Amino acid sequence: MIHVIKPPQRLDLQDYGKAVFLAGSIEMGTAENWQDQVAQALTNEDLTLLNPRRDVWDPTWEQTISNPNFRQQVTWELEAQDRAAMIVMYFDPATQSPITLLELGLFANSGKLVVCCPDGFWRKGNVEVVCDRYHIPMVATLPDLIESIRHRVSPQTSSGPNRT
């Protein structure tokens, strides 16, 4: 059964072996809520999704280290990515996703990433070069990304990601 943890919930899992961090486009009002689509598709899987999309977000929060709410959010995300067994990234073509690009650089060499960067993303070429250089599996669609998660948590039941 799937378990979803969102900030500001504590990251207190005993075993992160089947924990998947959902990195990617969140721009409120622009990005599709792809995280919920992933959770719905994986409802019957035995895993934990670490979803950084808060149920309640205040866009007036000053994005500075001195703002405790903002700092808590960023710290939660970094800690969750450090602990996760897998980090999946989705670059929504309707967004610019600067934080996801930053996280791609931070975790490129971790061996945990699978990236979905559909045609139309404004910096797809940069994402492709980073993925190629660091041997990061890259898929073209959200369904392919979901299948990559399934493959990682249940290798005997599905095929692996398609490299583009």
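Hydrogens, waters and symmetry mates are skipped; everything else that's a heavy atom, side chains included, is used. Please read all numbers here as calculations on a predicted model, not as lab measurements.
Counting all heavy atoms, side chain and backbone alike, Ile2 lies closest to Ala39 at CD1-O, 3.9 Å. Nearest heavy atom pair, residue Glu45 against residue Val153, reads OE1-CG2, 3.8 Å. In plain terms, the two heavy atoms of Leu13 and His3 that are nearest each other are CD2-CD2, 4.5 Å. A pairwise comparison of heavy atoms in Gln37 and Ile146 identifies O-CD1, 4.3 Å as the closest pair. Tyr90 and Glu32 make their closest contact through OH-OE2, 2.9 Å (heavy atoms, listed as atom of the first residue, atom of the second, distance). For the pair Glu62 and Phe70, the tightest heavy-atom approach, listed with the atom from each and the gap, is O-CB, 3.6 Å.
Taking OG1 of Thr60 as the reference point, atom CG of Asn69 lies at 9.5 Å (rounded to 0.5 Å). Atom CD1 of Ile5 sits about 7.0 Å away from atom CH2 of Trp76, to the nearest 0.5 Å. The distance from atom CD1 of Ile149 to atom NE2 of His151, rounded to the nearest 0.5 Å, is 12.5 Å. The CZ atom of Phe91 lies 10.0 Å from the CH2 atom of Trp34; values are rounded to the nearest 0.5 Å. How far CG of Leu42 is from CZ of Arg150: 5.0 Å, rounded to the nearest 0.5 Å. Distance CG/Leu49 to CZ/Phe21: 11.0 Å, rounded to 0.5 Å.
At distances below 3.5 Å, at least one donor-acceptor pair connects side-chain atoms of Lys112 with backbone N or O atoms of Ala84. A donor-acceptor pair under 3.5 Å is absent between the side-chain atoms of Gln72 and the main chain of Pro68, judged by distance alone. Side-chain atoms of Thr43 come within 3.5 Å of backbone N or O of Gln40 as a donor-acceptor pair. In terms of modelled atom types and a separation under 3.5 Å, the side chain of Thr64 and the main chain of Asn67 share no donor-acceptor contact.
Scanning for ring pair (Phe, Tyr, Trp, His ring centres under 6.0 Å) contacts around Trp122 gives an empty result, with sequence neighbours left out.
For the pair Val88/Ser148, no side-chain contact is recorded, criterion being any heavy-atom separation below 4.5 Å from C-beta on. Taking 4.5 Å as the limit, every side-chain heavy atom of Leu47 sits out of range of all side-chain heavy atoms of Met86. Put simply, the side chain of Gln35 reaches to within 4.5 Å of the side chain of Ile26, judged on heavy atoms. Considering only heavy atoms from C-beta on, Pro8 comes within 4.5 Å of Arg54 through its side chain.
Cluster membership check: Met138 shares its hydrophobic cluster with Leu106, using side-chain heavy-atom separations under 4.5 Å among Ile, Leu, Val, Met, Phe, Trp and Tyr. Leu104 and Leu78 end up in the same hydrophobic cluster when Ile, Leu, Val, Met, Phe, Trp and Tyr side chains are linked at under 4.5 Å.
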Begin with the C-alpha distance, continue with both residues' side-chain angles, and end with the deciding distance and a verdict on side-chain contact (heavy atoms from CB on, under 4.5 Å) for Val38 and Leu142.
CA-CA 8 Å; Val38 170; Leu142 193 54; 4.1 Å; yes
Determine whether Gln73 and Glu77 satisfy the following criterion, side chain to side chain donor-acceptor pair (under 3.5 Å), listing intermediate values before the conclusion.
CA-CA 6 Å; Gln73 176 73 27; Glu77 291 180 27; 2.7 Å; yes
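Within a 6.0 Å radius of CZ in Arg71, no more than 12 heavy atoms belonging to other residues, nucleotides or ligands are found.
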Return a table of donor-acceptor pairs under 3.5 angstrom between the side chains of residues 93-102 and protein atoms on other chains or two or more places apart.
| from | atom 1 | to | atom 2 | distance (Å) |
| --- | --- | --- | --- | --- |
| Thr95 | OG1 | Ser25 | OG | 2.9 |
| Thr95 | OG1 | Asp92 | O | 2.8 |
| Thr95 | OG1 | Ser97 | OG | 2.7 |
| Ser97 | OG | Ser25 | OG | 2.6 |
| Thr100 | OG1 | Gly24 | O | 3.4 |

